[in-house]
Amino acid sequence: MTYTIEKITTLIGARRFGHRDANIAFLLTDSRSLCFPEETLFFALKSERNDGHYYIADLYRRGVRNFVVEQVPLSYEVDYPEANFLKVIGTRKALQRLAERHRDEYNIPIVGITGSNGKTVVKEWLYQLISPDKVVVRSPRSYNSQIGVPLSVWLLQEDTQVGLFEAGISRPGEMLALQEIIQPTIGVLTNLGNAHQENFATVEEKCREKLRLFHEAGVIVYCMDDELAARCVSEAAFKGELLAWSCKNANAPMYVQTHTEGLTTEIDYTFKGQLQGRYAIPFIDSASVEDSIVAATTALQLGITPDALAERMAKLEPVAMRLEVKEGQHGCTLINDSYNSDIKSLDIALDFMNRRPDHKGRRRTLILSDIYQSGQSAASLYGEVSKLAVERGVEKFIGIGTELSSHAELIKIGEKFFFKTVERFLQSEVFDSLRDEVILIKGARRFGFDRITENLVRKVHETVLEVNLNAVVDNLNHYRDMMKPGTKLVCMIKADAYGAGSVEIAKTLQDHQVDYLAVAVADEGVTLRKNGITSNIMIMNPEMSAFKTMFDYDLEPEVYSFRLLDALVKAAEKEGITDYPVHIKLDTGMHRLGFDPEHDMDELIQRLKHQNAIIPRSVFSHFVGSDDDGFDAFSKQQFELFDKGSRQLQQAFRHKILRHIDNSAGIEHFPERQLDMCRLGLGLYGIDPRNNQTIHTISTLKTTILQLRHVPAGDSIGYSRRTILDKDSLIAAIPIGYADGLNRRLGNRKGYCLVNGKRAQYVGNICMDVCMIDVTGIDCKEGDMVEIFGPELPVTVLSDWLETIPYEVMTGISNRVRRVYYQD
């Protein structure tokens with residue numbers, strides 16, 4: 001749904017500064033997540049560590065025109081002439097109030113889910129159970145906070161039939177605001193544990209606070225066998241129907257009996273004394289069994305039939321947020337559960353590890369960080385940790401953190417080790433000795449347990465690639481000057497930024513406020529995210545095995561086929577994701593990848609509109625020959641196909657879909673086809689694709705002379721005696737070879753490098769790590785610098801010798817070649 005800015009002003013009780021007409025479809029609280037600026041309303045939230053007002057200027061530059069603020073910029077009419085500022089007393093409260101008013105528009109079943117453990121699993125499994133029959137909107141991931149809940153409820157659309165929303169709290173008094181936003185018709189209480197206990201005097205106090213979510217609910221689902229939950233529900237005197245489930249009381253509204261067989265659990269149930277059925281789930285751990293019962297009870301209340309329940313329960317997929325099993329080095333298997341850290345989730349993870357069959361009979365090892373927010377004393381907490389670990393068969397314990405180290409004596413496991421920090425552990429013999437073990441890695445996020453599996457190797461090499469970051473900016477501005485005002489720009493930094501090093505190039509481009517970065521595969525995007533890149537990142541060649549990686553790191557994939565589209569939608573739904581931005585590729589003549597704009601558009605639009613997991617952010621295609629006037633007629637045909645197909649896609653959706661087809665050459669050659677966005681690739685790295693000339697050189701590949709040797713005429717140089725000297729010569733050996741990216745075809749006097757500004761031919765075959773050059777008549781010595789390509793020897797010269805393109809030379813530079821970045 002969309003709201004006019006006038007309507008929103010009224011709904012949140014704001015005072016408006018600015019007079020621009022606008023329709024709002026997207027709410028934004030984190031500037032790094034901006035995707036659809038044209039229809040976005042930014043809430044400038046304040047916190048102890050940050051203030052959203054600081055990001056207004058950058059967001060305005062990126063196209064956002066609507067802001068909810070507590071302070072209007074003093075010179076807003078001058079600095080932000082097209083903006084609307086909605087001034088309120090508190091931006092967070094305004095966000096919540098807007099979501100509350102949006103929720104008021106819907107008279108549909110709304111399920112509010114709270115508890116300490118299992119909220120996200122129950123929500124996602126409920127989605128899997130009921131979404132085949134109904135249009136369901138649910139919280140993305142675990143958006144269950146004071147900010148996450150209103151953003152989730154905002155996702156309700158005109159055709160929504162059921163809403164599933166999580167509500168999480170960490171202190172007294174928080175649930176009332178979430179209750180007013182969600183207004184659940186069905187309340188679901190999952191397992192109660194000790195998470196966030198530190199702000200509550202007792203577990204009972206926390207339970208009562210959670211139950212405030214169900215104040216106006218018509219139905220409440222909870223476990224009758226949990227004495228605390230049952231007592232608190234009874235004392236709350238809810239007006240709604242109490243839909244309790246039990247494994248002990250046959251008179252319970254939902255009576256269940258469970259039986260485990262191999263890796264499957266069967267559940268027999270009687271619902272409200274009348275409906276009887278059975279279902280089986282492909283899980284055997286107690287947490288999954290309990291979560292399935294909660295989901296089944298709720299689904300039956302929502303009208304799912306026993307037959308449908310049985311069919312869909314058997315196909316339940318695990319919620320991918322914890323307990324990821326990966327093969328490690330040295331015969332180890334890693335169970336990664338760094339999603340959260342509390343005693344209940346530790347028990348679940350240990351139970352999983354203990355139940356997991358291991359035919360190799362390997363030791364079970366637990367690597368655990370300090371546990372925060374337990375509400376228990378350290379002695380009680382780590383005594384319980386020890387008991388759980390022993391009961392679950394842990395044979396080796398590795399504790400990381402000051403608390404665990406201080407209470408080492410409480411851990412009653414024979415082989416145990418303690419470290420204050422991850423760094424100390426990584427530097428220890430204990431880390432080096434991990435062999436043939438099943439290792440559960442369970443730590444609070446702040447400890448950075450991902451570093452445990454990283455192996456950082458310092459690359460040292462006398463051959464370096466120097467990158468001039470100022471030249472990158474000069475090339476960027478060279479093309480920006482050709483572009484129409486308001487046209488967005490995607491900068492291609494795939495293949496490690498064409499060999500220049502993606503991280504530093506990305507940082508420079510982000511500083512200069514490009515709209516998008518584009519890489520080839522998800523791993524390249526992850527590298528950028530881990531190095532502080534917050535810009536929007538497109539994945540041009542998404543692999544189906546990397547969907548979760550893309551979701552985890554906010555990477556936006558290209559979609560070019562129905563097979564990829566269906567797989568991506570399924571993966572996003574499994575993760576609980578909605579409206580994930582993607583980029584639709586049309587094949588207009590390249591015949592490499594893409595949808596056919598003449599025959600596929602109706603089917604494509606139909607599939608896109610019948611799901612809510614992904615949403616098209618842009619649609620694009622590739623010119624085959626925008627760098628060659630001889631292809632202009634064909635380019636015209638391509639553009640006509642793209643124009644028709646992309647307009648058809650846009651007409652099917654209300655939100656703005658960016659169109660782009662111009663590349664580096666097209667920006668200059670076809671300015672009328674710049675559309676909403678352009679893609680800058682080779683031009684960014686200093687090569688004009690129209691004439692193969694240098695714009696501003698960004699990279700210099702250089703090395704040094706290792707050794708000088710006088711070699712008499714008639715002697716040969718290198719392997720296979722391919723070069724025979726015709727005169728006495730001075731030969732230099734330099735530490736660069738084909739393993740570094742120096743093409744072997746340059747050997748035997750095919751090409752040359754520069755030594756002190758003089759040409760020195762390559763002689764003999766180029767070896768893997770070393771090659772030889774003829775420096776006869778050149779004033780030089782050992783240790784002198786050698787330029788392989790750079791300002792004096794353009795990379796285009798090498799590509800001409802090799803009868804190839806500059807891309808191949810640039811991207812061929814090995815990662816073992818050290819990159820050095822500088823500014824003039």
Side-chain angles (χ1 to χ4, degrees), residues 12 26-33 41-52 68 90-103 110-124 137-156 163-184 187-200 206-207 209-215 319 321-322 338-342 344-345 372-373 375 444-446 551-552 554 575-579:
I12 65 175
F26 302 93
L27 306 184
L28 181 71
T29 61
D30 186 339
S31 64
R32 295 170 297 182
S33 301
L41 178 63
F42 176 69
F43 286 77
L45 303 179
K46 288 185 176 182
S47 67
E48 294 180 359
R49 298 182 179 180
N50 210 345
D51 186 343
V68 178
T91 49
R92 188 179 77 170
K93 187 62 180 176
L95 171 66
Q96 295 173 341
R97 181 174 175 81
L98 179 59
E100 181 182 341
R101 299 284 75 80
H102 181 60
R103 164 66 180 90
I110 298 290
V111 181
I113 306 170
T114 192
S116 300
N117 301 293
K119 296 188 296 294
T120 300
V121 174
V122 168
K123 178 201 67 185
E124 292 302 318
V137 164
R138 68 201 191 284
S139 306
R141 294 291 181 94
S142 52
Y143 273 36
N144 57 30
S145 67
Q146 300 289 307
I147 305 302
V149 167
L151 293 177
S152 299
V153 170
W154 180 257
L155 299 175
L156 290 168
L164 306 175
F165 301 111
E166 293 182 47
I169 56 169
S170 59
R171 62 187 71 249
E174 288 187 332
M175 189 58 85
L176 178 60
L178 303 187
Q179 187 277 329
E180 292 174 342
I181 298 168
I182 298 174
Q183 304 169 46
V188 175
L189 181 66
T190 65
N191 184 277
L192 286 170
N194 292 323
H196 300 291
Q197 186 60 44
E198 74 283 357
N199 293 317
F200 295 92
K206 183 175 66 174
C207 180
E209 176 68 18
K210 288 181 179 293
L211 289 176
R212 295 181 71 180
L213 177 64
F214 310 148
H215 180 62
V319 178
M321 68 178 190
R322 61 184 181 187
S338 298
Y339 181 75
N340 54 20
S341 182
D342 62 74
K344 181 63 178 179
S345 65
Y372 298 113
Q373 300 180 339
R445 287 180 175 179
R446 69 186 72 181
F551 299 148
D552 287 346
D554 294 325
E575 295 284 336
I577 290 172
T578 58
D579 287 346

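Using modelled atom types, one side-chain atom of Q146 and one backbone atom of E174 make a donor-acceptor pair closer than 3.5 Å. At distances below 3.5 Å, at least one donor-acceptor pair connects side-chain atoms of K210 with backbone N or O atoms of G115. In this structure, the side chain of S139 does not engage the main chain of S152 through any donor-acceptor pair within 3.5 Å.
Residues satisfying the side chain to side chain contact (heavy atoms under 4.5 Å, CB included) criterion with D579, sequence neighbours excluded, are L155, I615. Qualifying salt bridge (Lys or Arg N to Asp or Glu O under 4.0 Å) partners for E209, counting only residues two or more places apart in sequence or in other chains: R212. Taking the side-chain hydrogen bond (donor to acceptor under 3.5 Å, both in side chains) definition, one finds that K46 meets it with Q71, sequence neighbours left out. R92 meets the salt bridge (Lys or Arg N to Asp or Glu O under 4.0 Å) test with no other residue; sequence neighbours excluded. Among residues two or more places apart in sequence or in another chain, the salt bridge (Lys or Arg N to Asp or Glu O under 4.0 Å) test is passed with D51 by none. The side chain to side chain contact (heavy atoms under 4.5 Å, CB included) check on H215 picks up nothing, with sequence neighbours excluded.
Rounding to the nearest 0.5 Å gives a distance of 12.5 Å between NZ of K93 and CG of L98. Rounded to the nearest 0.5 Å, atoms CD1 (I182) and OG1 (T114) are 8.0 Å apart.
At a threshold of 4.0 Å, the pair E166-K123 counts as salt-bridged, since one of the basic side-chain nitrogens sits closer than that to a carboxylate oxygen. With respect to R138 and E124, a salt bridge is recorded, a charged nitrogen being found less than 4.0 Å from a carboxylate O.
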